[in-house]
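These numbers were taken from a predicted model, which means no experiment stands behind them.
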Amino acid sequence: MTGALALLPLFLAACAGGYVVARPRADSDRSAWQSGVGGMAAILLVGALIAAAEAGSARARYIALIALLCASVASVLLLGVPERRVLPDGEGDDGMDA
Amino acid sequence: MIPPVGAAWLGAQLDGIDPSPVVAGAYLLSGLLLFLGLWFRTGRHGNRWAMAGIVTASAAAVYSHDVVNLPEMVSAVVIGGSIGLLLARRSAVAALPWLMVAGHGLLGVAAMAMAATLWRNPSAFGLTAHDGALLAVGFGLGATTLTGALALAFRRRLGELALLGSGAGFAAAALGFAIGNSAMVMGGGMAGAVGLRLAWRARRIASRALPSGAGLP
């Protein structure tokens, strides 16, 4: 818990930064799912990696690998889907722009 | 009582051990890249800053921990990444918003599974009895995110997608607090605050769009 309290200033600064960045009219030309905000939460992949790396017992390791698998799929989806070029009339290309 | 701080501000401090400057710097750089991703999110390639931030934090995490099962981890990441890439590239355009909903739901599952891992094996992560509350918060927010994603999928409504991102972000922050990971705390905090503000703004816009007296007899 000592580490948790020490990280509290970073958390508050990040919350303040996020609040400021989500300013009005920033997303007016793109819909919510295209804005890439969802990709931020993909940082959970880091936690899943640490959990899988350090898990000692066999059962904990299996649960951590499930977490890692889900976090990997989610990260690629949340970061990759907004990279698809979608034209205003709903037409899109056949893949990502990368 | 305010605990002694110092290098712990810059990164993980577990069992009273200060973080390596390289790892702490990598986590800080990751937080900065995530912030840039948010700042430039209206641009064409703003999302790639966030990708760089997550890759940086992941590399620092693998570098700084004793990895006991690297082949299984690599397999999980490759299989999961391939499934995600296939879905993101090959799905119809109309299905893309629902893939985002599914992604948030999977993050909820990942948060629940990660909290369960930490709860089953607390000594490996240097957790104390006080960290149980953080694990409960992380698990609860993950379950809420999964439930919200399922509710949006069944009701075919996308209006509360920002709220799902907020839930997943705060779940990541709570679990980051538990294991003392500054990248998760920063990224989760930013995602949570942005999601809350966007959801609040969408709600205000929706309420203003109603004509006066709408819904009244």
Side-chain angles (χ1 to χ4, degrees), chain A residues 1-7 10-11 14-15 17-19 21-22 26 32-33 35-57 60-61 63-74 76-84 86 90 92 95-96, chain B residues 3 5 8 13 35 38-39 41-42 46-47 50-51 54 57-58 61 65 67 72-73 76-77 80-81 83-85 88-89 93 96-97 99-100 103 106-107 109-110 113-114 116-117 120-121 124-125 130 161 165 168-169 172 175 177 180 182-187 189-191 193-194 197-198:
Chain A
M1 185 59 95
T2 300
L5 288 178
L7 290 173
L10 272 183
F11 175 71
C15 285
Y19 183 84
V21 168
W33 65 269
S35 66
V37 172
M40 295 294 121
I43 195 71
L44 198 64
L45 177 68
V46 176
L49 277 171
I50 293 172
E54 296 270 354
S57 69
R61 195 177 305 163
I63 300 173
L65 286 175
I66 291 172
L68 188 55
L69 187 68
C70 292
S72 301
V73 179
V76 175
L77 283 180
L78 294 176
L79 290 166
V81 167
E83 290 288 307
R84 282 276 294 265
V86 179
M96 284 186 287
Chain B
V5 293
Q13 186 188 38
F35 182 79
L38 274 182
W39 188 266
R41 73 180 186 278
T42 53
N47 207 27
M51 286 187 204
I54 288 169
S58 301
H65 287 80
V67 180
E72 291 94 336
M73 287 171 60
V77 170
I83 293 171
L85 197 62
R89 284 180 68 94
V93 172
L96 294 182
L99 284 183
M100 297 296 283
L106 283 173
L107 275 188
V109 175
M114 184 186 161
T117 304
R120 285 196 63 86
N121 208 355
F125 301 95
H130 300 292
L161 192 58
L175 296 172
F177 272 122
S182 60
M184 288 179 70
V185 167
M186 284 187 285
M190 275 189 272
V194 166
R197 189 171 185 194
L198 290 181

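- Taking CE of B:M114 as the reference point, atom CD1 of A:I50 lies at 6.5 Å (rounded to 0.5 Å).
- Interatomic distance, B:L175 CG to A:I43 CD1, rounded to the nearest 0.5 Å: 12.5 Å.
- Most heavy-atom pairs under 4.5 Å with chain B: of the set A:A41, A:A48, A:S57, this distinction falls to A:A41.
- When all heavy atoms of B:S58 and A:L49 are compared, the pair lying nearest together is CB-CD1, 3.5 Å.
- Of the residues considered (B:A110, B:A191, B:A172, B:A124), B:A110 shows the highest number of contacts with chain A, using heavy-atom pairs under 4.5 Å.
- A pairwise comparison of heavy atoms in B:V185 and A:A14 identifies O-CB, 4.5 Å as the closest pair.
- Note: B:M73 CE to A:L69 CG = 13.0 Å, rounded to the nearest 0.5 Å.
- The side-chain heavy atoms of B:L107 and A:L78, taken from C-beta on, include a pair separated by under 4.5 Å.
- Closest approach of A:A55 to B:T117, counting heavy atoms only: CB-CG2, 4.1 Å.
- To the nearest 0.5 angstrom, A:M40 atom CE is 6.5 Å from B:I54 atom CD1.
- In this structure, the separation between CG on A:L44 and CG on B:L106 is 11.0 Å, given to the nearest 0.5 Å.
- Residue contact with chain B, scored on non-hydrogen atoms closer than 4.5 Å, involves the backbone and the side chain of A:A64 alike.
- Annotation: the span from B:N121 atom CG to A:E54 atom CD amounts to 9.5 Å, rounded to 0.5 Å.
- Heavy atoms only, all atoms of each residue included: A:A53 and B:H65 are closest at CB-CB, 4.5 Å.
- Among all heavy-atom pairs drawn from B:G81 and A:S72, the shortest one is N-CB, 3.9 Å.
- Across every non-hydrogen atom of B:L38 and A:G18, the tightest pair is CD1-CA, 4.4 Å.
- Between chain A and the residues B:A183, B:A168, B:G165, B:A76, the largest count of heavy-atom pairs under 4.5 Å involves B:A76.
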Given B:I83 and A:L77, is the side chain to side chain contact (heavy atoms under 4.5 Å, CB included) satisfied, shown in steps?
-> CA-CA 9 Å; B:I83 293 171; A:L77 283 180; over 6 Å; no

Does the side chain to side chain contact (heavy atoms under 4.5 Å, CB included) test come out yes or no for B:V194 and A:Y19, once each step is laid out?
-> CA-CA 5 Å; B:V194 166; A:Y19 183 84; over 6 Å; no

